[in-house]
There are 2 protein chains.
Amino acid sequence: MDEPTQRNPVRAGVIVTGTEVLTATIRDENGPWISQQLTSLGIELAEILVVADHRNDLRNALEHMRSVGIDLIITTGGLGPTADDLTAEVVAEFTGRELRLDREMEAKIEQILSRFAASTTVNLTAEAINAANRKQALIPRGATALDPVGTAPGLVVPGPDGIVVLVLPGPPRELRPMWATALGLPPVKEVLGRATPLHFYRLRMFGTPESELAMELREIEADGNSLDELEVTTCLRKGEVEIDVRYRDGAEGAADALRAELQSRFAKTLYSVDGTTVDQVVAGLLQGHRLGLAESCSAGLLAARIADVPGASDYFAGGAVTYSDESKTGLLGVDPDLIERHGAVSDEVAEAMAIGALEQFAADVAVSITGIAGPGGGTGEKPVGLVCFHARNIAGETKSLSPVIPGGRRDVRERSALVGMHLLRRLLGQG
Amino acid sequence: MDEPTQRNPVRAGVIVTGTEVLTATIRDENGPWISQQLTSLGIELAEILVVADHRNDLRNALEHMRSVGIDLIITTGGLGPTADDLTAEVVAEFTGRELRLDREMEAKIEQILSRFAASTTVNLTAEAINAANRKQALIPRGATALDPVGTAPGLVVPGPDGIVVLVLPGPPRELRPMWATALGLPPVKEVLGRATPLHFYRLRMFGTPESELAMELREIEADGNSLDELEVTTCLRKGEVEIDVRYRDGAEGAADALRAELQSRFAKTLYSVDGTTVDQVVAGLLQGHRLGLAESCSAGLLAARIADVPGASDYFAGGAVTYSDESKTGLLGVDPDLIERHGAVSDEVAEAMAIGALEQFAADVAVSITGIAGPGGGTGEKPVGLVCFHARNIAGETKSLSPVIPGGRRDVRERSALVGMHLLRRLLGQG
């Protein structure tokens, strides 16, 4: 395999402008996200180029993308109101288009900034607002402006050699909605239309190691299921295994067969066949229930995940973060003698915490978590990473376990919330 | 501020070869790590370019780095035994150096592979070992090989125009020790020697918009403080503004003067002058105290941040996640009539929750958060994003506010935890 036998018909490149990314102050979240979006559209992301907020660097980056035959250049960042936000200006130069003030856009931005000024106690002077406003409303002639999600508009700019430059803001929560809008615009649609669509599904597993999955995939193939037409990627991600399957028209049969094989071989651990997350699965299962939580080492991380789903107030009564022994007794009625006899991190205390949460929150389902997150507090018998879980419903059904979770303090705490979520899923009848 | 007035004397570029990074299957850990190493050596990382494992893409990447004036090119990845591991070969071409088999290196790799074969259940045939071995022992003439940490040697290759190419393996645990070795080798030392060390400090602010900071920076300059010798980067990060200042020997005076100006102009909002985070500041202030929390919309996010700091159990008693009205009454003793009269999201209920948390956790400091995270639940009078905060100590001192936080559900919840943290900071005497 020297060179790939065929290049995809459409190649995309991402230019990330951001000194903060280069200095490792922040991580680029946009490159990976755009990559996934492009993949689902059947487009190869050929390059990601991170450059500083300097005019020359950005201009060189655009020229480089052109020289290597990129069809769709996506820039992220550099659209703010300050002087080192240069993207619109440099892209205008690169595409040979003059910048002009878009009055309509100016009015939109003014409205956004006024709203913002009204909602904050900080005084924004009219002068500051106007300067920022005028700069951000400069649009290259012939480009299409994308309405701001924050305060900066995005741009779709037709460039030389049939290249399209899509100019997007840096903050992911502004970039993502704007991406969706951009896909519908004629110049972008035209480029995308040259690619053949790629179909995709994602499976999620919890409790199967990646190595076992790899072995099973080889067996599936040995049993006569060809995977040649499928692109299968497995990825260990935050304690779960994700299996991504991509395929083009005509390979539906092979794709469906693989999914069915995996479902039957991993009936216990494969919990999602459509990309749904465990948080979404649990949210669905909790409808009509009333949930109470009792957390020690995870200290609110499970509660925060539960409440992250819109509408959680329909079933989430509340949680007790009982970090001290006194609070386990005070809030959850855990017998101090039980803590004395078995220790705060024990199956017995985990059970008492879950029972306490059922009562305290008048809940019909409860989960408790108590463990040693470290770095201190471990003993020979109870090492750092030992976490006791107990899930219980009002009918007295229970699921419990007490694994030793590897990793540092944050790993132990985050994994605890994940395990608690899966225990809840199993108690609620899935798996 | 069009272009920085002076370029750094040494510019470095990182080329990441890895289809897995482009497809967002894995995250690049090397770019940020190398960036930090370079910064401490006073060298500017000018670009990070991620390309696929294709010969042409890698060759174009090297040419691009040369064309933009990079002095030190660092490649990561593509040094394995398989056919798509092309880095050594392409770098040899780029630097005009012939590949030759290094017998000594071949022997070293053979020894490593034999050890590896003995320690695994996988059968490596002698043939496979030899092929891999020979390929990885090919060294460009005149280059210095770096002993393998895994199985692949690294390379220091003098290139055209005084460029030095440092070829490193992809896995971070192989790359990092090899980096240390490379720094001591003459061609790398020579490049690094041209740089003067770069000093750095970071300030953190909360409550000042970036636009106001930009204006104030212009004023500071207009008032006669030259910023020409300083590289000042401002970055909006998770609701706070970070100001990074980098400077070389001789610019200490300007750097100190800027810090003093910012401290006096933003006395209320600039809370960290040494890069300390608010979580660390609050952890320090909480020593000797006993903290109780009462969270509704943030649902454990503040508790989780407090508990994220090792040793938090010294001062963190616990928190009540009172998502339902009943739990506000049951856990925190909030009068149901008060909720009825003012609503669960009100200054009155926030105050009652904080008082309840002080009592319930026998705490001497407490913070409460109750708000409307959305997307539902907003009204004309109380829109989505309205969050009421109340911080109170046992002496009856209080800090409270009730802003409307912009953004989606997750933004509102995360920002709530941040505001709660800052309110706690202020109550504990800082600011």
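Everything numeric here is computed off the predicted structure, so don't read it as measured data. Note on naming: letters A, B, ... go to the chains in the order of the sequence lines (proteins, then strands), and numbering restarts at 1 for each one.
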Top of [options] for chain B proximity - count of heavy-atom pairs under 4.5 angstrom:
options                               : result
A:Gln36, A:Glu326, A:Arg27, A:Arg410  : A:Arg27
A:Asp325, A:Leu293, A:Leu49           : A:Leu49
A:Thr322, A:Val21, A:Ile15, A:Ile26   : A:Ile26
A:Ala303, A:Pro32, A:Gly374, A:Ala312 : A:Ala303
A:Ser327, A:Ala317, A:Ala52           : A:Ala317

Please examine the side chains of [Y] and [X], heavy atoms only from C-beta on, and report whether any two atoms are closer than 4.5 Å.
X        : Y        : value
B:Glu242 : A:Glu20  : no
B:Val321 : A:Val321 : yes
A:His64  : B:Val68  : no
A:Val309 : B:Arg409 : no
A:Leu22  : B:Ile48  : yes
B:Leu331 : A:Leu331 : yes
B:Glu47  : A:Val50  : no
A:Arg290 : B:Ser324 : yes

Next on the checklist: If the test is ring pair (Phe, Tyr, Trp, His ring centres under 6.0 Å), which one of A:Tyr315, A:Phe361, A:Phe316 qualifies with B:Tyr323?
Outcome noted: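 Of all the options given, the one that passes is A:Phe316.
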Checklist entry - Say you draw a straight line from OG of A:Ser313 to CD1 of B:Ile372; how long is it, rounded to the nearest 0.5 Å? => result 11.0 Å
Next on the checklist: If I take atom OG1 from residue B:Thr23 and atom CG from residue A:Leu45, how far apart are they, to the nearest 0.5 angstrom?
Outcome noted: 9.0 Å
Checklist entry - Any idea which of B:Gly300, B:Ser35, B:Ala307 has the most non-hydrogen atom pairs under 4.5 angstrom with chain A? => result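 Heavy-atom pairs under 4.5 Å are most numerous for B:Ala307.
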Checklist entry - So, are A:Asp57 and B:Arg11 salt-bridged, with charged N and O less than 4.0 Å apart? => result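 Between B:Arg11 and A:Asp57 there is a salt bridge, with a charged N closer than 4.0 Å to a carboxylate O.
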